[in-house]
Asks: 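Here it is: the structure, laid out below.
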Amino acid sequence: MPALLDTRSTGRLSLQAQSGSRSFLGGAATPTAGFNQDYLGPTIIVKNGYLAAEVTNALKSPVSTHWHGFLVPGEHDGGPHLPIAPGKSWQPEMHVAQDPATVWYHSHIHERTAEQVYFGLAGVIHITDGDDDARGLPSAYGVDDLTLVLQDRRFDDAGRMIYDPSMMDVMHGFAGNYLLVNGQAGATAVVPQGIVRLRLLNGSNARIYTLFFGDTRPMHLVATDGGFLPAPIALDRLSLAPGERAEVLVDMSDGGAAVMMSDPAQPYGVLPFEVDPALPVRITRLPDKLDGVLEDLAGSEVQTRLVSLDMGMGGMMTGGGAFAINGRPYDMERIDFAVAQGSVERWRIRSTMVAHPFHIHGVRFRVLSENGAAPRPENTGWKDTLLVPGEAEIIARFDQPARQETPYMFHCHILEHEDAGMMGQFTVT
């Protein structure tokens, strides 16, 4: 498991973006970057209340730290308008006030996000209220509560991790030839003989996972991006696009080994699990219900917006804007939407050419429909990132403020698309 950084007693958080080096496959080492370590960052635990963060940049290029899933004002959001210069630090003083959830953090410098996240500038955050035992949920970090960052990475014949996107890599998103879990290749998860909780983050630049267990055991979905569901949902398969998170419970009480896999059409292994009978078993039954509250916002919206995620080969060939939203590539000086603080809006999202994972900063939303039908089970909870393979309708209340100097982003979370211009920004006042 990633190192643990627990802020609950101090209300303080210190991160340093730094360079590193790692041999992922046992061969040549690769230059990397991470927060407080050589690759990726620690798992941060926070509770509601005051949180004073300090992020120092020890790299030679500007970075930022976007709190993906935090509901905080734009001046604390860590987007491209809040770069941290080399040798400098950023010190946001935030107030966390939201439901328990698994969120994450990553650099978000315009035109450099894909490369910086790829080489390691990302990590996971647990927002907790300390009531998981009462919910009947596993909560022993690294024992029955596993944080799993899924990333595909490309390696050359010498075992070096490389990032050299071609035109087609940019069009489809940069895909790898090896799968890393928490920055490790070929690892096995050792778990107790009981109910195990998996906090899954798709930290890949572009790859979409369709997760399942090879022995057909179900995954019981208990939380989506923005928090708990009212009750677990049993799934045979779970789709997870870049930026999305899901928390699932898996019953390992039979003591047998199991393998999490992806892509049923051409299956490959993601992570094998082995049971260690010596590990303490805390949870032996699945909870019947949870305390997630899914507010119905439909009917209270004051505005409907269309968001078209546009791409086309013609623009790339001519040097024009191949990646855009509503026909316009991202411009840091242009505000695309002005949203009234406290208002509810319905957004219709359309993808062109390929399925795009769509993310909005500063809010969580409900999915109203996907291609005219009811949302898939894994999209019925609170979301902040949604895979759109056609058209979807979402609805959100915009409670947090964002000024023109530090607006919120909305963008495709295929990071090559985002960097190439498939991003917009909005104020909330």
Side-chain angles (χ1 to χ4, degrees), residues 17 30 32-35 39-41 59 61-69 77-83 103-124 149-154 161-180 183 200-209 225 240-245 307 309-311 316 321-325 329-330 332 349 351-361 384-388 408-425:
T30 298
T32 58
F35 290 102
Y39 184 77
L40 296 178
L59 297 171
S61 300
V63 302
S64 73
T65 306
H66 168 50
W67 317 107
H68 183 136
D77 183 64
H81 291 268
L82 290 162
V103 302
W104 64 303
Y105 60 102
H106 61 82
S107 188
H108 206 313
I109 293 293
H110 182 43
E111 298 181 333
R112 298 292 303 277
T113 298
E115 181 180 12
Q116 291 188 347
V117 172
Y118 185 89
F119 281 104
L121 290 179
V124 176
V149 181
L150 310 184
Q151 300 171 304
D152 64 325
R153 294 293 184 257
R154 192 177 299 182
M161 189 171 70
I162 55 175
Y163 184 74
D164 56 350
S166 66
M167 180 183 294
M168 292 309 295
D169 286 328
V170 174
M171 285 297 293
H172 297 286
F174 194 80
N177 54 5
Y178 278 83
L179 186 64
L180 305 181
L200 300 164
L201 160 66
N202 184 343
S204 300
N205 281 34
R207 185 176 296 274
I208 299 164
Y209 301 97
D225 299 338
L240 203 66
E244 288 186 304
R245 290 89 63 211
V307 178
L309 306 174
D310 302 326
M311 61 185 293
M316 287 197 72
F323 297 88
I325 291 183
Y330 176 63
M332 287 190 71
I349 320 300
S351 289
T352 62
M353 292 188 66
V354 301
H356 298 280
F358 180 71
H359 172 49
I360 310 178
H361 290 208
D384 57 50
T385 308
L386 174 69
L387 182 65
V388 183
Y408 288 133
M409 305 293 113
F410 57 97
H411 58 85
C412 174
H413 221 285
I414 294 175
L415 299 183
E416 287 74 27
H417 293 181
E418 170 191 331
D419 280 349
M422 195 177 288
M423 182 161 65
Q425 55 192 17

Asks: So S107 and R112, do their side chains get closer than 4.5 Å, heavy atoms only?
Replies: no

Asks: Ignoring hydrogens and geometry, is there a side-chain-to-backbone donor-acceptor pair from T352 to M311 under 3.5 Å?
Replies: yes

Asks: For the atom pair CG (D164) and CG (D169), what is the distance rounded to the nearest 0.5 Å?
Replies: 7.0 Å

Asks: How long is the span from the CZ atom in R245 to the CG atom in L150, to the nearest 0.5 Å?
Replies: 13.0 Å

Asks: Quick check: closest heavy atoms across V170 and P165, and the distance to 0.1 Å?
Replies: CG2-CB, 4.1 Å

Asks: With sequence neighbours left out, write down each residue that passes salt bridge (Lys or Arg N to Asp or Glu O under 4.0 Å) with E416, or none if nothing qualifies.
Replies: none

Asks: Within this structure, what is the CE-CD distance for the pair M423 and E418, rounded to the nearest 0.5 Å?
Replies: 5.0 Å

Asks: What is the minimum heavy-atom distance between F358 and V307, and which atoms define it?
Replies: CE1-CG1, 3.8 Å

Asks: Do you know which two heavy atoms are closest between L309 and S351, and how far apart they sit?
Replies: CD1-OG, 3.8 Å

Asks: CD of E115 to CG of N205: how many Å apart, nearest 0.5 Å?
Replies: 10.0 Å

Asks: Check whether any side-chain N or O of T113 sits under 3.5 Å from a backbone N or O of L415 as a donor-acceptor pair, and report yes or no.
Replies: no

Asks: Examine W104 together with H359 and report whether their ring centres are nearer than 6.0 Å.
Replies: no

Asks: Regarding T385 and H68, is there a side-chain donor-to-acceptor distance under 3.5 Å anywhere?
Replies: yes

Asks: Could you tell me which non-hydrogen atom of P83 sits nearest to which non-hydrogen atom of P80, and how far apart they are?
Replies: CD-O, 3.7 Å

Asks: List for me each residue that meets side chain to side chain donor-acceptor pair (under 3.5 Å) alongside Y39, sequence neighbours excluded, and say none if there are none.
Replies: Q151, R153

Asks: Using the side chain to side chain contact (heavy atoms under 4.5 Å, CB included) criterion, which residues pair with L59? Sequence neighbours excluded.
Replies: A17, S19, A33, N57, V63, L121

Asks: Which residues pass the ring-ring contact (aromatic ring centres under 6.0 Å, His included) test with Y118, sequence neighbours left out?
Replies: Y163, F174

Asks: Determine whether the aromatic ring centres of H411 and H417 lie less than 6.0 Å apart.
Replies: no

Asks: Would you say the side chain of F323 lies within less than 4.5 Å of the side chain of D419, judging by non-hydrogen atoms?
Replies: no

Asks: Taking the side chain as everything from C-beta on, heavy atoms only, tell me whether P357 gets closer than 4.5 Å to I414.
Replies: yes

Asks: For I360, does its backbone N or O pair with a side-chain atom of D384 as donor and acceptor, under 3.5 Å?
Replies: no

Asks: To the nearest 0.5 Å, what is the distance between CG (L240) and CG (L387)?
Replies: 10.0 Å

Asks: Does S64 reach the main-chain N or O of G78 with its side chain, forming a donor-acceptor pair under 3.5 Å?
Replies: yes

Asks: Go through S204 and Y209 one step at a time and tell me if the side-chain contact (heavy atoms from CB on, under 4.5 Å) criterion holds.
Replies: CA-CA 10 Å; S204 300; Y209 301 97; 2.7 Å; yes

Asks: So, for P242 and I208, which heavy atoms are closest and what is the spacing to 0.1 Å?
Replies: CD-CG1, 4.0 Å

Asks: Evaluate side-chain contact (heavy atoms from CB on, under 4.5 Å) for I325 paired with D310, printing each intermediate quantity in order.
Replies: CA-CA 6 Å; I325 291 183; D310 302 326; 5.9 Å; no

Asks: Checking side-chain contact (heavy atoms from CB on, under 4.5 Å) against H108, which of H81, H361, Q116 comes through?
Replies: H361

Asks: Sequence neighbours left out, what passes side chain to side chain donor-acceptor pair (under 3.5 Å) with W67? Give chain and number order.
Replies: none

Asks: Does N202 use its side chain to pair, donor to acceptor, with the backbone of R207 at less than 3.5 Å?
Replies: yes

Asks: Starting at CG of D77, measure out to OG1 of T65 and round the result to the nearest 0.5 Å.
Replies: 11.0 Å

Asks: So do the side chains of M409 and Y330 get within less than 4.5 Å of each other, counting heavy atoms only?
Replies: yes

Asks: Is there a donor-acceptor pair closer than 3.5 Å between any side-chain N or O of R154 and the backbone N or O of N177?
Replies: no

Asks: Could you tell me which residues satisfy salt bridge (Lys or Arg N to Asp or Glu O under 4.0 Å) with E244, sequence neighbours excluded, listed by chain and number?
Replies: K383

